[in-house]
Amino acid sequence: MNASLTRACVTLAAFLAAGSIQAKPLQLDAVPAKAVWMMHLDMDAARDSLVMQRAYERAVKMHPHLEKMAQMAAGMLGMDPRKDLHDVTAYGLDTDKRNNAVMVVRAKANREFLEAMVTKAPDHKTMEHRSHTLHAWTQKGWKRGKGGGEPVVAAFHKDDVMVFARTDAQVRAALDVLDGVAPAAAGDGPLAGRVRPGSILVARAAAIDPDTKCPVLKQGRGFRVALGESEGRSFYRAKLDMKSAAAAGEAVAVAKGLAALASLRWGDEAGVAKLVSGLDTQATGETCMIAWDAAAGDVWTVVEKAANEWEKRHRERPRRWGGKDGCPMGECPMDEGNRKPGAAEDGGPLRDDEF
């Protein structure tokens, strides 16, 4: 396993996996009906994950200073992300995620502390929207935009629900959805639908950013992705709505190609081979479905071994992760000249309600 990726994943896990709180899956009451994409990170589900719990323990062992860093972060944020952060939902009414994304954070936060701190921020001012107070300021820590900073607007919807965006209009609209004044994503909407139990990360899109660098998504119209752990099994689900049946077949070929590369790279590792065998793919018309399952204990066995190997080589210069157009293997199977036509089916049809 790539050393840099291993280190990054384990370090992130340190801030995601501490504590133990009953998981509360995604609720679309915060997502407006007109949203074209959304992403949800369920921190409670992450804390319930065996893989994440063990990753946290391992990360602290590898990097003892992480606990002190987490304590410092708690003092600066007015909450301890290891136990107080419940979930984060981001969405947009268009595909411009940099300028038009809205973020809703649910956490046990020290509201009085945070509101007092933000008054000290550059260019701070307040606005009212019904019973809500909006805070606007310039975030100087971001090295872009005029004046070396960028605008931020935030408001508490409730003591444990915060909204962040670039403009006051975006925050006002988000508060309207949370208050029930504006419609939220309905049961039959493009972003609505069943959330798989144990999902840590859920991402859905009914439109694709035309500037995306991912060759697969360039040929897509939308997608639904879920990643998590339930009843002792890790899982990944992806449903891709492609522009053509050929594109759907090519997406399946990419998934199978990456699995084949993993088998070639770590084919002598029984644990890796066992994980790779859990992949199932299918193309039906213009839809590509990818499913992967494995015992969480088996996943952790592989991750722990990779972490042990990284620890032995930690003095070596980390190799750069990423290749052409962001493909992890340097040469993306979807690049021109590397495409594989046709669709593949493994293990019988995948059910649409899996996604």
Once rounded to the nearest 0.5 Å, what's the spacing between atom [atom1] of [X] and atom [atom2] of [Y]?
{"X": "E304", "Y": "R58", "atom1": "CD", "atom2": "CZ", "value": "6.0 Å"}
{"X": "D48", "Y": "Q53", "atom1": "CG", "atom2": "CD", "value": "7.0 Å"}
{"X": "I290", "Y": "L240", "atom1": "CD1", "atom2": "CG", "value": "5.5 Å"}
{"X": "K83", "Y": "R47", "atom1": "NZ", "atom2": "CZ", "value": "10.5 Å"}
{"X": "R106", "Y": "L85", "atom1": "CZ", "atom2": "CG", "value": "11.5 Å"}
{"X": "N99", "Y": "E150", "atom1": "CG", "atom2": "CD", "value": "7.5 Å"}

Are [X] and [Y] grouped together when hydrophobic residues (ILVMFWY) are joined by side-chain heavy atoms under 4.5 angstrom apart?
{"X": "V302", "Y": "F235", "answer": "no"}
{"X": "V104", "Y": "V177", "answer": "no"}
{"X": "L178", "Y": "L93", "answer": "no"}

Tell me whether K218 at atom NZ has more than 12 heavy atoms from other residues, nucleotides or ligands lying less than 6.0 Å away.
yes

Step through the shown structure and confirm whether more than 12 heavy atoms of other residues, nucleotides or ligands are within 6.0 Å of NZ on K97.
yes

Do you know which of K243, R221, K239 makes salt bridge (charged side-chain N to carboxylate O under 4.0 Å, His left out) with E286?
R221

Is there a donor in the side chain of T133 and an acceptor in the side chain of E128, or the other way round, less than 3.5 Å apart?
yes

H135 versus H124, side-chain donor and acceptor atoms under 3.5 Å:
yes

Any pair with a residue in residues 151-165 that passes salt bridge (charged side-chain N to carboxylate O under 4.0 Å, His left out), sequence neighbours left out, goes on the list, sorted by first then second residue, please.
R111-D159

Side-chain contact test, heavy atoms from C-beta onward, threshold under 4.5 Å: evaluate it for [X] versus [Y] and give yes or no.
{"X": "R54", "Y": "V303", "value": "no"}
{"X": "V276", "Y": "E269", "value": "no"}
{"X": "H132", "Y": "V171", "value": "no"}
{"X": "D176", "Y": "R130", "value": "yes"}
{"X": "L201", "Y": "V225", "value": "no"}
{"X": "V202", "Y": "R237", "value": "no"}
{"X": "V195", "Y": "H40", "value": "no"}
{"X": "V216", "Y": "M242", "value": "yes"}

If I compare all heavy atoms of [X] with all of [Y], which pair ends up nearest, and what's the gap?
{"X": "A136", "Y": "V153", "result": "CB-CG2, 4.0 Å"}
{"X": "S199", "Y": "A45", "result": "O-CB, 3.6 Å"}
{"X": "G198", "Y": "S230", "result": "CA-CB, 4.4 Å"}
{"X": "I200", "Y": "M52", "result": "CD1-CG, 4.2 Å"}
{"X": "W300", "Y": "L50", "result": "CB-CD2, 4.4 Å"}
{"X": "I208", "Y": "F223", "result": "CD1-CD2, 3.7 Å"}

List for me each residue that meets salt bridge (Lys or Arg N to Asp or Glu O under 4.0 Å) alongside E229, sequence neighbours excluded, and say none if there are none.
none

Whether S244 side chain and A247 backbone form a donor-acceptor pair below 3.5 Å:
yes

Is the backbone N or O of D94 less than 3.5 Å from a side-chain atom of W37, with the two atoms forming a donor-acceptor pair by type?
yes

One thing to verify: whether D80 and K108 come together as a salt bridge, which I'm taking to mean a side-chain N less than 4.0 angstrom from a carboxylate O.
no

Where do Y91 and L191 land on the side chain to side chain contact (heavy atoms under 4.5 Å, CB included) test, with the steps shown first?
CA-CA 10 Å; Y91 64 81; L191 302 184; over 6 Å; no

Under the rule for ring pair (Phe, Tyr, Trp, His ring centres under 6.0 Å), what residues qualify as partners of H129, not counting sequence neighbours?
none

Working note: L134 + L175, criterion side chain to side chain contact (heavy atoms under 4.5 Å, CB included); need CA distance, chi angles, decisive distance, verdict.
CA-CA 10 Å; L134 280 65; L175 292 171; 4.0 Å; yes

Sort out for me which residue in T301, D293, V299 forms a side chain to side chain contact (heavy atoms under 4.5 Å, CB included) with L275.
V299

Can you check side chain to side chain contact (heavy atoms under 4.5 Å, CB included) on Y236 and L279, steps first, answer last?
CA-CA 9 Å; Y236 172 81; L279 178 69; over 6 Å; no

